[in-house]
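One structure is given below, encoded as structure tokens.
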Amino acid sequence: QVQLVESGGGLVQAGGSLRLSCTASGRSFSALTMGWFRQRPGKEREFVAAITWRGGSTYYTDSVKGRFAISRDNAKNTGSLQMNSLKSEDTAVYYCAAGGYSETYYATAQYKYWGQGTQVTVSS
């Protein structure tokens, strides 16, 4: 079993930055792909970014490429999402997730473990 806890959300002005963290418990976290998803008001949960278990590959949805950076530290069982140049449309609840690798890393169904989410609000 893996438990995930997100932190680092908050209120920021457009153009600002936030760094989200995901702390995992459970020895198998380091063997799993880690993803970040978000859910905007009235919308379905959507893929933001993912990183493979060794960090060798990273993936991003088009709208955050060049602005967000995903990383992980398996020795500390943590992951992070650095978010720069934030826009009002980035406002959402952000979720950390972990699961086995799949080519469909962008699909919520590929992730077995989920955190409770952290709110990010970007004011314009």
Side-chain angles (χ1 to χ4, degrees):
Q1 286 288 338
V2 175
Q3 293 183 326
L4 305 173
V5 178
E6 303 95 338
S7 61
L11 174 64
V12 64
Q13 289 187 332
S17 299
L18 279 176
R19 186 178 183 88
L20 304 183
S21 295
C22 177
T23 301
S25 61
R27 291 180 294 175
S28 61
F29 173 75
S30 61
L32 301 174
T33 292
M34 185 186 80
W36 286 93
F37 289 75
R38 65 187 179 188
Q39 190 162 15
R40 292 180 274 192
K43 303 284 188 177
E44 293 188 351
R45 196 169 297 187
E46 63 178 0
F47 171 75
V48 175
I51 184 168
T52 52
W53 70 282
R54 282 185 174 178
S57 296
T58 57
Y59 309 94
Y60 299 92
T61 190
D62 286 346
S63 63
V64 308
K65 284 180 181 177
R67 300 189 298 123
F68 290 12
I70 189 172
S71 62
R72 67 189 298 166
D73 184 339
N74 288 337
K76 296 181 179 180
N77 262 15
T78 59
S80 65
L81 183 69
Q82 177 68 42
M83 306 186 295
N84 300 323
S85 302
L86 284 161
K87 305 175 181 180
S88 57
E89 51 263 43
D90 295 318
T91 294
V93 177
Y94 283 72
Y95 297 90
C96 174
Y101 176 77
S102 169
E103 291 185 352
T104 54
Y105 52 82
Y106 47 83
T108 57
Q110 298 305 321
Y111 295 84
K112 182 176 181 180
Y113 305 104
W114 291 85
Q116 293 300 306
T118 185
Q119 176 71 47
V120 171
T121 303
V122 184
S123 63
S124 57

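Numbering starts at 1 and runs along the sequence shown. Side chains are part of it too, since the values below use all heavy atoms of this structure and drop only hydrogens, waters and symmetry mates. Predicted model only: the values in this text are computed from it and were never measured.
If you chain together hydrophobic residues whose side chains sit under 4.5 Å apart, L81 and L32 fall into the same group. V2 and W114 are not part of a single hydrophobic cluster, where members link through side-chain heavy atoms under 4.5 Å apart. A continuous path of Ile, Leu, Val, Met, Phe, Trp and Tyr side chains, each step under 4.5 Å between heavy atoms, connects V12 with L20, placing both in one hydrophobic cluster.
In summary, the side chains of S80 and R19 do present a donor paired with an acceptor at a separation below 3.5 Å, with no hydrogens or angles considered. Looking only at atom types and distance, the side chain of N84 has a donor-acceptor partner in the side chain of S17 under 3.5 Å away. Of the N and O atoms on the side chains of Q110 and T104, at least one donor lies less than 3.5 Å from an acceptor on the other residue.
Atom CD of E89 is surrounded by more than 12 heavy atoms from other residues, nucleotides or ligands within 6.0 Å.
Proximity of F47 to Y105: side-chain heavy atoms (C-beta onward) are separated by under 4.5 Å at one or more points. Inter-residue side-chain proximity for F68 and T61 is flagged as unmet; no heavy-atom pair is nearer than 4.5 Å. Inter-residue side-chain proximity for I70 and M34 is flagged as met; some heavy-atom pair is nearer than 4.5 Å.
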Requested in this report: List the steps and the verdict of side-chain contact (heavy atoms from CB on, under 4.5 Å) for E6 and Y94.
Outcome: CA-CA 8 Å; E6 303 95 338; Y94 283 72; over 6 Å; no

Requested in this report: Please lay out, stage by stage, how L18 and V120 fare under the test side-chain contact (heavy atoms from CB on, under 4.5 Å).
Outcome: CA-CA 9 Å; L18 279 176; V120 171; 3.8 Å; yes

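E46 and R40 are joined by a salt bridge, as a carboxylate oxygen and a charged side-chain nitrogen come within less than 4.0 angstrom of each other. The pair K87-D90 fails the salt-bridge criterion, with no side-chain N (NZ, NE, NH1 or NH2) lying under 4.0 Å from an Asp/Glu carboxylate O.
Centroid-to-centroid, the aromatic rings of Y95 and F37 stay 6.0 Å apart or farther.
In terms of modelled atom types and a separation under 3.5 Å, the side chain of T91 and the main chain of V122 share a donor-acceptor contact. In terms of modelled atom types and a separation under 3.5 Å, the side chain of N74 and the main chain of W53 share a donor-acceptor contact.
Between the OG atom of S21 and the NZ atom of K76 there is a distance of 10.5 Å, given to the nearest 0.5 Å.
Residues K65 and Y60 come closest through the heavy atom pair CE-O, 3.3 Å. For the residue pair Y111 and G99, the shortest heavy atom distance occurs at CD2-N, 3.7 Å. When all heavy atoms of T33 and T52 are compared, the pair lying nearest together is OG1-CA, 4.0 Å. In this structure, L4 and Y113 approach most closely via the heavy-atom pair CD1-O, 3.6 Å. When every heavy atom of A92 is checked against every heavy atom of Q119, the shortest pair comes out as O-NE2, 3.4 Å. Listed here is the closest heavy atom pair of S71 and I51: CA-CD1, 3.8 Å.
Seen from the ring of F29, R72 counts as a face-on cation partner, given the 6.0 Å and 45° thresholds.
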